[in-house]
Amino acid sequence: MKRTHTISNPWRLAILLFLSLLVFACSKNDDDPVDSDGNGDAMNDGENQEETLPNLVELAQSVDVLEYLVEALGQADAGLVEALSEEGTNTVFAPTNDAFKALLSQLEGFEKLEDFDEAAEKELLAEILKYHVVGGTSAFSDALSDGTVLETLQTEELTIKVDATVLVQDKTDEDAEVVGADNEASNGVVHIVDKVLLPQAVLDQLYPKPSLVELVSETEDLSLLRDALVKANLVDALNAEGPFTVFAPSNTAIEELFDLLGDDYNSFDDFDNIIELQILEQILLYHVVMGNVASSELAPGIVPTLLTDNSIEVIASGETFVIGDASETDANILDADKEASNGTVHIIDKILIPQEVYDLLGLSGDPSAKTIGELVEETEGFSFLKEALELTGLLDTLGEDGPFTVFAPSDDALFGLLALLGEGLGSIEDFDSEFEINLLREVLLYHVLPGIVTSADLGISTADTLSEGNSLEIVSTDGGFGLVDATGFPANFITTDIPAQNGVIHTIDRVLVPQSVVETITTEATKAVLAFVDSFDLDQDDLDYAQCLLVRYHELFQEVLHEEFTFFLPTNQAFLNLFASLDGYDSLADFDTAEDLEILATILSYHFIEGTKLTSGQLSNGQTATTLQGEELIINVNGGVSILDKTGNPANVTSPDAEVLNGVIHIIDKVLLPQEILEAFSS
């Protein structure tokens, strides 16, 4: 379809003088019909007179100002010429040539009727022409009165308006005037009009309405609402079919919300944690109701919104309506009935606040109305934490007086816990033994401190947790402070100081693991290796990353550590070099999806050779060794020992022959990568 632009106000065609001089065959009240033999005698036989009339198409062909109409009938190629030539009764409102020219001048890419040359364009032209035909009746002017409604062949209706002149109302804002009425044909009547009539279906194609999101984006006073929809990830929801009615808060209304929330909120960029984003989503959904509700259809009553179990109230106020929410202040409608393709927008002067958010923000008078347990229950990003607390009986504990400080990992941070505690634990339902539930309880208690510790109270220190005998280290990081658990790696804060009735919540980016759990889940062989690795004195070449992976993936080595083995362990710097070469990975904590954790397990198993103890004296140039991962490593011995992986870049052995149990550990300066992982990173 060719592009269009906005139609300007149509001009009225001057009534053409010569239309009153139409050929006698075109007049209903012909006073001087010519008989068949041409002698000019009046014919008294009505049936013979009707036979002398042309059909509707022939009539149009005989009138100069209807040339464009005749051409359009042929161009549309929809059987209209045949239909209007056959016997029957039709009323045709026939646009003049100038009426068609006026329409074409407003359509980009359509300079003449021949430009309707594609199938979809021909169909569109046919829809326009059908809208000018009323089937089954010859509606002469004396049968048309003010308010007469006529159903067209296109199925939409036309309305007749009679004032000083006869007007035909279509779906645009401008009416067509009848400039030549009652032109009789053998199969109907033609009224000549000064405008091409357009039905709603055609207007929707020529000038499509914007979607709700597009309408919001195009409206200057709703720019902050647009930002909010993007931030809350609701654009697709409001672009759905609907229809929806949106009570859209103006920019001023949203700025008042920022003022209400305090100095920390100046734009939607400040909504940057799970709870804040959930609150924003709830507020926005509370402004949307199902259906296409025009202002004329508003009626007093309770109206459900897209926020489940939350309704707004439409309240009569004089001759208009206001919208009530959980607050004591109602919203006024500033600008009603802005139409979109999938609904309607009414601009209002206030943010609508649902009851749940009203209580959470402390607007109800209690600044911390909910307990920590209630906040965890109601926050979508804590669904796994909620289930874990319920399973272990700790959710009720966090609803007690306390006070408590909770370091709450989000759902996205739980993959590490599942991998650490063992295979077969993919969801909360998999914790089905007393042993597993007790482990989970110990992990959860390790995230809770007695008393209230705000972000302002954080400092380098050791903090006792509710997990007896297990403490956390609070350390300084580039971003402020972090929490170090038994794995030796810091967990970073995502958001801090979420107030509750019985304490405070801080969200963190990974699960904290206490020493007691590490000791419980690792085998004696793994503990021995960990202890041995911890005993290395390598100055800057620490092995913290390797230790962390050994703890996390201890199950890979439960059996093979009892036999002979060879282990190539990369230094911290080796891991940092790897992270620097990867997009989106700055530390082990960034491997936070199921696929990422599988990658780490594969990499670690590529460093382990089971069943043989290869000291440096037993290594030879060109020797190959099959790893636990399944792919091979190549040994190079030339003034030193190096290991060649699938990257082709060697890892140098910097500290060889550390014997532990039945095996040997070699410290290397590069993380070894198998082909499987290279393909995973490249994809």
Side-chain angles (χ1 to χ4, degrees), residues 224-225 228-229 231-234 237-238 244-250 252-262 264-265 268 270-271 273-291 293 298-317 321-333 346-383 386 395-396 398-399 408 495 497-505:
L224 290 178
L225 176 59
L229 292 171
K231 186 71 176 181
N233 199 28
L234 289 176
L238 280 190
F244 307 109
T245 297
V246 179
F247 294 94
S250 67
T252 300
I254 292 177
E255 287 167 353
E256 289 175 357
L257 173 66
F258 293 152
D259 293 339
L260 181 67
L261 294 176
D264 291 336
Y265 296 88
F268 288 112
D270 295 322
F271 288 72
N273 66 68
I274 297 166
I275 291 180
E276 291 169 340
L277 290 174
Q278 182 176 329
I279 289 173
L280 180 58
E281 179 182 354
Q282 290 174 335
I283 290 174
L284 293 173
L285 291 175
Y286 190 60
H287 287 76
V288 186
V289 303
M290 289 299 299
V293 184
L298 290 174
I302 303 299
V303 183
T305 69
L306 292 196
L307 180 60
T308 305
D309 298 328
N310 282 268
S311 299
I312 57 175
E313 184 178 4
V314 178
I315 305 167
S317 178
F321 296 93
V322 295
I323 310 300
D325 61 356
S327 73
E328 297 179 357
T329 305
D330 300 324
N332 299 295
I333 298 175
H346 306 299
I347 299 179
I348 57 177
D349 66 351
K350 173 186 175 293
I351 286 273
L352 302 175
I353 306 291
Q355 188 67 53
E356 183 177 325
V357 173
Y358 194 70
D359 294 339
L360 182 62
L361 295 178
L363 302 176
S364 59
D366 186 350
S368 50
K370 295 185 183 294
T371 66
I372 292 173
E374 289 171 331
L375 287 175
V376 170
E377 279 190 286
E378 296 172 2
T379 303
E380 293 177 4
F382 293 150
S383 59
K386 169 196 165 188
L395 191 60
D396 291 339
L398 294 181
T495 187
D497 301 326
I498 300 168
Q501 187 183 75
N502 59 340
V504 64
I505 298 175

With sequence neighbours excluded, what pairs up with [X] under the side chain to side chain donor-acceptor pair (under 3.5 Å) test?
{"X": "Ser311", "result": "none"}
{"X": "Asp497", "result": "Ser455"}
{"X": "Asn332", "result": "Asp349"}

Checklist outcome for this item: Applying ring pair (Phe, Tyr, Trp, His ring centres under 6.0 Å) to Phe247 and not counting sequence neighbours gives His346
Next on the checklist: I'd like to check the ring pair (Phe, Tyr, Trp, His ring centres under 6.0 Å) partners of Phe268; sequence neighbours left out, ordered by chain and number.
Outcome noted: Phe258, Phe271
Looking only at heavy atoms, what is the nearest atom pair of [X] and [Y], with distance?
{"X": "Leu375", "Y": "Ala500", "value": "CD1-CB, 3.8 Å"}
{"X": "Ala228", "Y": "Leu284", "value": "O-CD1, 3.5 Å"}
{"X": "Val289", "Y": "Pro304", "value": "CG1-O, 3.4 Å"}
{"X": "Ile347", "Y": "Ser250", "value": "CG2-CB, 4.2 Å"}
{"X": "Gly291", "Y": "Thr245", "value": "O-OG1, 2.7 Å"}
{"X": "Leu225", "Y": "Ala248", "value": "CD2-CB, 3.5 Å"}

Who are the side chain to side chain contact (heavy atoms under 4.5 Å, CB included) partners of [X], not counting sequence neighbours?
{"X": "Asn310", "answer": "Tyr286, Thr305, Leu307, Pro354"}
{"X": "Ala237", "answer": "Leu234"}
{"X": "Glu256", "answer": "Thr252"}
{"X": "Val314", "answer": "Leu298, Val303, Phe321, Ile323"}

Look up atom [atom1] in [X] and atom [atom2] in [Y], then write down how far apart they are to the nearest 0.5 Å.
{"X": "Asp330", "Y": "Ile315", "atom1": "CG", "atom2": "CD1", "result": "4.0 Å"}
{"X": "Leu352", "Y": "Glu313", "atom1": "CG", "atom2": "CD", "result": "12.0 Å"}
{"X": "His287", "Y": "Ile351", "atom1": "NE2", "atom2": "CD1", "result": "4.5 Å"}
{"X": "Thr329", "Y": "Ile353", "atom1": "OG1", "atom2": "CD1", "result": "11.0 Å"}
{"X": "Leu395", "Y": "Lys386", "atom1": "CG", "atom2": "NZ", "result": "8.0 Å"}

Item to check | Derivation and outcome, side-chain contact (heavy atoms from CB on, under 4.5 Å), residues Thr371 and Leu398 | outcome: CA-CA 7 Å; Thr371 66; Leu398 294 181; over 6 Å; no
Checklist entry - Residues in salt bridge (Lys or Arg N to Asp or Glu O under 4.0 Å) with Lys350, at least two apart? => result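 Listed in chain order: Asp325.
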